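Step one of this worksheet: look at the structure below.
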Protein chains: 2
Amino acid sequence: MARVRKTVTIRDVAEEAGVSLQTVSRVVNGGPNVRPQLRDKVQAAIDRLGYVPSLAAQRMSGSRSYIILAINDRERTLADWRERMGTDWVDQMLLGGILTCSKHGYRMMVELVDTHSDHVERELGAALSALQPDGVILTPPHSENALITDLLAARGIPFARIGSDAPGAGIRLTMGDEGAAHLATTRLAELGHRRIAMIAGPAQYSLSGWRIEGWRRALAERGLPHEGLLEVGDFGYDSGARAARALLDRNPDLTAIIASSDQMALAALEVARERGLDVPRDLSLISFDNTPIVRFTQPPLTAIDQPIAETVARAVEQLIARSPDADDSAVIEVAAALVERASTAPAPAKIPDRG
Amino acid sequence: MARVRKTVTIRDVAEEAGVSLQTVSRVVNGGPNVRPQLRDKVQAAIDRLGYVPSLAAQRMSGSRSYIILAINDRERTLADWRERMGTDWVDQMLLGGILTCSKHGYRMMVELVDTHSDHVERELGAALSALQPDGVILTPPHSENALITDLLAARGIPFARIGSDAPGAGIRLTMGDEGAAHLATTRLAELGHRRIAMIAGPAQYSLSGWRIEGWRRALAERGLPHEGLLEVGDFGYDSGARAARALLDRNPDLTAIIASSDQMALAALEVARERGLDVPRDLSLISFDNTPIVRFTQPPLTAIDQPIAETVARAVEQLIARSPDADDSAVIEVAAALVERASTAPAPAKIPDRG
DNA sequence: ACAAGTCTTGAGAACGCTCTCAAGTTGCGC
DNA sequence: GCGCAACTTGAGAGCGTTCTCAAGACTTGT
């Protein structure tokens, strides 16, 4: 009885409305030059039949695929990934990306690529050939990978790079890293802190450099020192612990740390606990990322909120709006914000005892 | 100089190998009945040219689209979503889904749908028409939504439902909720706890019921009471706090709580702190989800690890392997595990003072 | 060695849409 | 009113695959 319902095609709509395929196509795509009366008639037929154009067919004939591809980092195995989790990057990205895409009739697909693999080009090339996306969004560390950006440039696919100022083509977006670090540092200085350390991310990430710059600038503005107050981690927990220990060992008078990731901040928090330092009484702590985790630590962490979803949304819009030969070197900055929680407090009147 | 490279099509490969399109197609799809010698020749041409079939074209002509669509819950706004975050569901899902899909030459797309919207059917219908996926994966609460399952059944699209035993078609997958609750409860009982409470999820989720069942069964097996030890929340923080307060008010001798989500467990932890109860000395706590958050609370929480990635991976495999008229009512259970951390301890010798 | 398969290969249509281009309509200035 | 420029509509080709079906090459049994 209930026969398998055949897909409604543009032809069905054309018949229903008594016009040609072409006219329906024009109405669907908001083409110009269709008389209002006819347009209404066709639109009515579309609504009646519940017609939605097939993405695949659109891609086949038209010049666009209506697909934006987001490239994300992939860890080698499931277990690895779970261990390393602690950021909601992907969630945020999807949220900003998918909603923005669908607002414009596009679709977002996610590809997981291992930057360190020898096959990056082949893997990515295969994805590009299969999907033929209209645009690609690169997140760190892929946005810094010349192999990838070159490949995209060679294929003539517009792309947006988030968090990188490595040379090369593509729209660039930053999440206000320099400003954010400056903001965090300034806030700590206002609270009376004089020795404010930074646990930075690895040097191959542009954003690590920006954050260091913002921190230095804020310190310089207030005549505060930066010597011996910088440690570099890899965004992971262990490296954060090492860095925190080194900083505390080297600076008995340290009262504030800015960590370049939530994971490293969590590690610093743990190290402080180990050493009997109370956060925030003895040591103030500010982290970057503001993932859900830091709202539930003890104390909850003051953090820089990176507007990931908004940034990806902007990237999508740029890629979609991009006319074929538009200016390819736009630089867009989305501002980050400081979310104050309980891990920051006025500097202690005197240096805490570090037995 | 660098001309825009034209896409490599099956026709190019055919010419390069000196065979017909059809033969190339056969080789690409691992068709039978191609002589090894010819197959090698064609494969060589494919490799030389770096040919990858266009997904859109495959969809156009063939019967498959090579797309698996995952339906996820969508909160109304960006801000809402961020506030409610605290689970890495989507990350996990993508991880399991994307990797498994690409292993089989498929792609996964994610659609965010608001279950409570009046337009569910229209929204989802549009996505289905546009993408024509070969299979759909439904996560809670969508897996319980008859509007959605009926729509899929009517369209004849195979689908997998995760965490639901609501009647209707589709492959069903569970993450061992009954067993997991039983496991957690039993473990607490082994630690000497006699009054073990459960903060359950909302009744409209099948998994809430399963967890209650598992908890009851474990209690019954050991002759422990369950009266007055059940509260229902909505998985969110606030509801967890309310539930924890109610349980503690009502049961002065309560020494253990199982919470049906990390958020609710975090709330219970906070309520315990408010009341001067030490976790785990005075109160043991086990949560469901095991999202990254609970590794960094103070103390880190013992939690049931739901194998989301693995479950989605299984779902994908089922959908892909599914022959057109295969058995449509498979039920698959992936076992959850208990990850012991510092929020569980032997029951206190005497009931803690609850001033 | 011959009929009756089975294997291998290819030709051509079809998928659903947009593109290009041509034809028919309408509007406007003189 | 006429000619030229719009604007409006439609016809047909083409996108890159796979499908169906037919033709040729090779087996096998007797």
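Numbered from 1 within each chain, the chains take letters A, B, ... in sequence-line order. Everything numeric here is computed off the predicted structure, so don't read it as measured data. Heavy-atom basis, side chains included; hydrogens, waters and symmetry copies ignored.
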Mind listing the side-chain donor-acceptor pairs of residues 156-170 of chain B below 3.5 Å, one per line with the distance, residues two or more places apart or on another chain?
{"unit_1": "B:Arg161", "atom_1": "NE", "unit_2": "B:Ala169", "atom_2": "O", "d": "3.4"}
{"unit_1": "B:Arg161", "atom_1": "NH1", "unit_2": "B:Ser143", "atom_2": "O", "d": "3.4"}
{"unit_1": "B:Arg161", "atom_1": "NH1", "unit_2": "B:Ala166", "atom_2": "O", "d": "3.0"}
{"unit_1": "B:Arg161", "atom_1": "NH2", "unit_2": "B:Ala166", "atom_2": "O", "d": "2.6"}
{"unit_1": "B:Ser164", "atom_1": "OG", "unit_2": "B:Ser143", "atom_2": "O", "d": "3.2"}
{"unit_1": "B:Ser164", "atom_1": "OG", "unit_2": "B:Glu144", "atom_2": "OE1", "d": "3.3"}
{"unit_1": "B:Ser164", "atom_1": "OG", "unit_2": "B:Ala166", "atom_2": "N", "d": "3.0"}
{"unit_1": "B:Asp165", "atom_1": "OD1", "unit_2": "B:Ser206", "atom_2": "OG", "d": "3.1"}
{"unit_1": "B:Asp165", "atom_1": "OD2", "unit_2": "B:Trp210", "atom_2": "NE1", "d": "3.2"}

Which pairs would a plain distance check flag for residues 22-29 of chain B, meaning a side-chain donor or acceptor within less than 3.5 Å of a matching protein atom at least two apart in sequence or in another chain?
{"unit_1": "B:Thr23", "atom_1": "OG1", "unit_2": "B:Ser20", "atom_2": "OG", "d": "3.2"}
{"unit_1": "B:Ser25", "atom_1": "OG", "unit_2": "B:Asn29", "atom_2": "ND2", "d": "3.4"}
{"unit_1": "B:Asn29", "atom_1": "ND2", "unit_2": "B:Ser25", "atom_2": "O", "d": "2.9"}

Could you list the donor-acceptor pairs under 3.5 angstrom formed by side chains in residues 34-47 of chain A, with sequence neighbours left out?
{"unit_1": "A:Arg39", "atom_1": "NH2", "unit_2": "A:Gly31", "atom_2": "O", "d": "2.9"}
{"unit_1": "A:Gln43", "atom_1": "NE2", "unit_2": "A:Asp47", "atom_2": "OD1", "d": "3.1"}

> How does DNA chain D read in dot-bracket, base by base from 5' to 3', with Watson-Crick or G-U pairs under 3.5 Å and | used when the partner is on another strand?
Replying inline: ||||||||||||||||||||||||||||||

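Non-hydrogen atoms lying under 4.0 Å from DNA chain C are contributed by nothing in residues 43-59 of chain B. Near-neighbour residues of DNA chain C inside residues 124-136 of chain B, defined by a heavy atom below 4.0 Å, are absent.
Pairs engaging residues 9-58 of chain B under the ring-ring contact (aromatic ring centres under 6.0 Å, His included) rule: none recorded [sequence neighbours left out]. Applying the salt bridge (Lys or Arg N to Asp or Glu O under 4.0 Å) definition to pairs two or more places apart or across chains, none involves residues 58-67 of chain B. Residue pairs meeting the salt bridge (Lys or Arg N to Asp or Glu O under 4.0 Å) criterion with at least one partner in residues 117-143 of chain A, sequence neighbours excluded, are A:Arg74-A:Glu123.
Evaluation of atom-type donor-acceptor distances gives a pair under 3.5 Å for the side chain of A:Ser61 against the base of C:dC17.
Every residue meeting the ring pair (Phe, Tyr, Trp, His ring centres under 6.0 Å) condition with A:Tyr106, not counting sequence neighbours, appears here in chain and number order: A:Tyr66. With sequence neighbours excluded, the residues satisfying side chain to side chain contact (heavy atoms under 4.5 Å, CB included) with B:Asp150 are B:Ala146.
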>> Base contacts versus sugar-phosphate-only contacts with protein, heavy atoms under 4.0 Å: please encode nucleotides 5-12 of chain C as B, S and - from 5' to 3'.
In response: ---BBBB-

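C:dT18 atom P lies 13 Å from atom CE of A:Met60, rounded to whole Å. A:Ile10 places its CD1 atom 19 Å from the P atom of D:dG14, with the value rounded to the nearest Å.
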